[in-house]
Number of protein chains: 2
Amino acid sequence: MVSTSPRGCLCTVTPGLYWPVTRCDVKPEAVSTNKEKILKAASDLLLEKGIDGLSVRAIAAAAGLSTIAIYSHFDGKQGVLDALYMEGFALVQSAVESVAGVEDPRVAVLQGARNYLALAIEREGHYRLVFGETGSSYAPTEVAQQAARDAFAALVSGVARLLPPSASLATQQRAALKLWALLHGYVSLRHHVIGGAMEDRQWQAMAIDAFAESVDQLLAAH
Amino acid sequence: MVSTSPRGCLCTVTPGLYWPVTRCDVKPEAVSTNKEKILKAASDLLLEKGIDGLSVRAIAAAAGLSTIAIYSHFDGKQGVLDALYMEGFALVQSAVESVAGVEDPRVAVLQGARNYLALAIEREGHYRLVFGETGSSYAPTEVAQQAARDAFAALVSGVARLLPPSASLATQQRAALKLWALLHGYVSLRHHVIGGAMEDRQWQAMAIDAFAESVDQLLAAH
DNA sequence: TTCCTATACATAACGGTGTTATAGATAAAA
DNA sequence: TTTTATCTATAACACCGTTATGTATAGGAA
């Protein structure tokens, strides 16, 4: 996305990311735009206070602006939530792709799973937002959903390494979906149903054990 | 729970269930209490409109009462949500236990999984409520969480049939947790991430296939 | 240079939410 | 009969997301 800032420089802004990735072609010293301030404020609030912290007034105040800016730049709270949703999946994608340099496919996939589970803890707010805990009035836009599909595609690529090169895309996707379902299931059950009192490490170990069993089953089947 | 109604009869009320289970020891013709009316109204709204339909005013109106009754009988919206949460897990438990008459353990467990997936569709509102989509300001009370534990216990009992009698409780629980995580993972991913456009049957078939693979892995390991 | 248009912004008000405050009604117990 | 406990209706409160109103600013056109 390319936008023009009030100072006339041509800025390249990567949507959905809150760290400063604004590249000004004309003035390398350009400061944050208000849109970026808002998104950073929202992302920080999500990290510190969870989804409850994300009122329009709180985000605006944290960005040093009034609420109208949320409507101006993001078309309302939905736009902020969409941006955070995309951030969430960008984090997922990053966790999955960060193992690209690992040679052994099984080791890589297991490490990706560990990254994923760690992310679910370290970025709990983003995780819960992505999985619908904003309250059911929020549903991601089509654009935002693309981030989910991108993350899934990254997962499929990673899992494909466990399969023979002849495996069809559908097979890869089915395998990736199963592994994702399993991992996410552990996270979600712990959030809502059972195991909430368990130590992080213990829960992660349990999830990884189960995940490894499924990975090994996949390897044995091919 | 035993309570006295305005008409002086001694009523046995099972909490968390919305169908009339009020048993009046004195007057068999007793009508619903207001508390039951409220819970039924909430449950119906949840079924018809989802979580968004559950405002205090909407529930009160559907029960033919004013909002103060919600605070009187349920101590506020939290109490209603707790009751619905318990209903949700009672439904899960029922889905799992309804296969008790099936002789073959594998067939029984697979049927239980099918029941579970069907429940996730037919009682989507309850399902989403149980898994946190009320908005993050709701967290179930300790009493309500017991319903989740009861459902898990039922699941453990069902899965235990796949294991040798010598299997420890921890082993049974680990197996049950894995299978539940997998099933729920499929439901949740479809709600929030991917596959939302897929036909119910196709998605269920995919989930059951994956589930069956894990069941078979479990059987093969013992 | 001036005027017009588009965008961004501050502030107040609106309609909705869950909840509390106030007052009244009723049944049971003392 | 009086007191107590419980239930109830209604209005008001504080907060929410959003809209309405008016102002400021930058860029483009005449």
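Numbered from 1 within each chain, the chains take letters A, B, ... in sequence-line order. Since we're looking at a predicted model, the values are computed, not measured.
Residue pairs meeting the ring pair (Phe, Tyr, Trp, His ring centres under 6.0 Å) criterion with at least one partner in residues 70-99 of chain A, sequence neighbours excluded, are A/Tyr85-A/Phe89. Each ring pair (Phe, Tyr, Trp, His ring centres under 6.0 Å) pair with one or both residues in residues 43-70 of chain B, not counting sequence neighbours, would appear here, but there are none.
B/Ile70 has its CD1 atom 15 Å from the P atom of D/dT10, to the nearest Å. Separating the NZ atom of A/Lys35 from the P atom of C/dA8 is a distance of 9 Å, rounded to the nearest angstrom. Atom NE2 in B/His73 sits roughly 14 Å away from atom C1' in D/dA5 (whole-Å rounding). Separating the NZ atom of A/Lys37 from the C1' atom of C/dA8 is a distance of 13 Å, rounded to the nearest angstrom.
Classification of the B/Tyr116-B/Tyr127 ring pair by plane angle, with boundaries at 30° and 60°, yields perpendicular.
Going from atom CD of A/Glu97 over to atom CG of A/Leu155 covers 10.0 Å, rounded to the nearest 0.5 Å.
Among the nucleotides C/dA10, C/dA8, D/dC7, the one closest to any side-chain atom of A/Leu65 is C/dA10.
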(request) If a protein heavy atom is under 4.0 Å from the base, mark B; if only from the sugar-phosphate, S; if neither, -; do that for nucleotides 11-21 of chain C going 5' to 3'. (result) B-B---BBBBB
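A/Lys178 approaches B/Leu182 most closely through the heavy-atom pair O-CD1, 3.6 Å.
Taking 4.5 Å as the limit, every side-chain heavy atom of A/Val130 sits out of range of all side-chain heavy atoms of A/Leu91.
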